[in-house]
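Convention: sequence-line order gives letters A, B, ...; per-chain numbering from 1. These numbers come from a predicted model, not from an experiment. Because only heavy atoms are used, hydrogens play no part in the values below, and waters and symmetry mates are left out as well, while side chains stay in.
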Amino acid sequence: MNDDELSFEQQAWLVINAIPYGRVASYGDIARLAGHPNAARQIGRILSKLPEQSKLPWHRVIGQQGTLSLSGERLLCQQEALRSEGVIINERGRVCMKKYRWQP
DNA sequence: GGCATGACATTAG
DNA sequence: TCTAATGCCATGC
């Protein structure tokens with residue numbers, strides 16, 4: 001870990017933290033913005049270790065097609081949080097990426 | 001340094 | 001639309 005450069009994990013936090021209210025971003029986008037176009041999996045791994053105390057809007061991080069890759073309690077929590085921000089979720093549990101996708 | 005893991009992406013059928 | 005298979009990359013042991 002260099003002091004000059006943040007680790008991928010740190011970069012991911014910054015990117016996710018930069019997602020504005022009522023918007024969503026895909027794992028691939030986060031990874032790309034963090035400097036690794038194909039490191040989407042690491043985003044998921046990082047978030048899985050993310051403590052609930054973290055202020056990161058992890059619920060705004062979804063799949064490329066607006067799909068939620070989580071399951072069970074976390075999935076419900078995420079959907080609830082997104083709807084609370086005005087994001088509409090389809091019956092299939094998907095989000096309209098064309099409307100809500102965060103484009104920097 | 002190598003192997004296994006993971007909240008994915010993409011392609012093909 | 002869904003499932004299966006493959007590739008990619010950082011992290012932990």
**Asked** Tell me, for nucleotides 8-13 of chain B in 5' to 3' order, what letter each nucleotide earns: B for a base near a protein heavy atom under 4.0 Å, S for only sugar-phosphate near one, - for neither?
**Response** BSS---
**Message:** Applying a 4.0 Å non-hydrogen cut-off, can you work out what A:Arg94 is touching in the nucleic acid: base, sugar-phosphate, or nothing?
**Reply:** sugar-phosphate
**Request:** Quickly work out the A:Gln11 CD to C:dC9 P distance and round it to whole Å.
**Result:** 17 Å
**Message:** If I take atom CG from residue A:Leu70 and atom CH2 from residue A:Trp58, how far apart are they, to the nearest 0.5 angstrom?
**Reply:** 6.0 Å
**Prompt:** Just checking, is any N or O donor in the side chain of A:His59 or A:Glu85 under 3.5 Å from an acceptor N or O on the other one?
**Reply:** yes
**Asked** In whole angstrom, what separates A:Glu91's CD from C:dT1's P?
**Response** 12 Å
**Message:** Can you tell me which nucleotide in C:dC2, B:dA7, C:dC9 comes closest to the side chain of A:His36?
**Reply:** C:dC9
**Item:** Nearest-Å distance for atom pair CZ/C1', residues A:Phe8 and C:dC8
**Value:** 11 Å
**Prompt:** What is the distance, rounded to the nearest whole Å, between atom CD1 of A:Ile46 and atom C1' of C:dA10?
**Reply:** 7 Å
**Any strand: nucleotide that pairs with C:dT3 via Watson-Crick or wobble, under 3.5 Å** = B:dA12
**Asked** Please walk me through it: do A:Val15 and A:Asp29 pass side chain to side chain contact (heavy atoms under 4.5 Å, CB included)?
**Response** CA-CA 9 Å; A:Val15 176; A:Asp29 288 343; over 6 Å; no
**Asked** Between atom CD1 of A:Ile16 and atom CG of A:Leu50, what is the distance when rounded to the nearest 0.5 Å?
**Response** 7.0 Å
**Prompt:** What's the NZ-C1' distance between A:Lys49 and C:dA10, to the nearest Å?
**Reply:** 10 Å
**Request:** Could you check how far CH2 of A:Trp13 sits from C1' of C:dA10, rounded to whole Å?
**Result:** 14 Å
**Request:** Find the distance between OG (A:Ser7) and CD1 (A:Ile46) and round it off to the nearest 0.5 Å.
**Result:** 7.5 Å
**Request:** Please determine, for B:dG1, whether a Watson-Crick or G-U wobble partner exists with both distances under 3.5 Å, and give it or none.
**Result:** none
**Request:** Examine distances only and state if a side-chain atom of A:Gln78 and a backbone atom of A:Val61 form a donor-acceptor pair shorter than 3.5 Å.
**Result:** yes
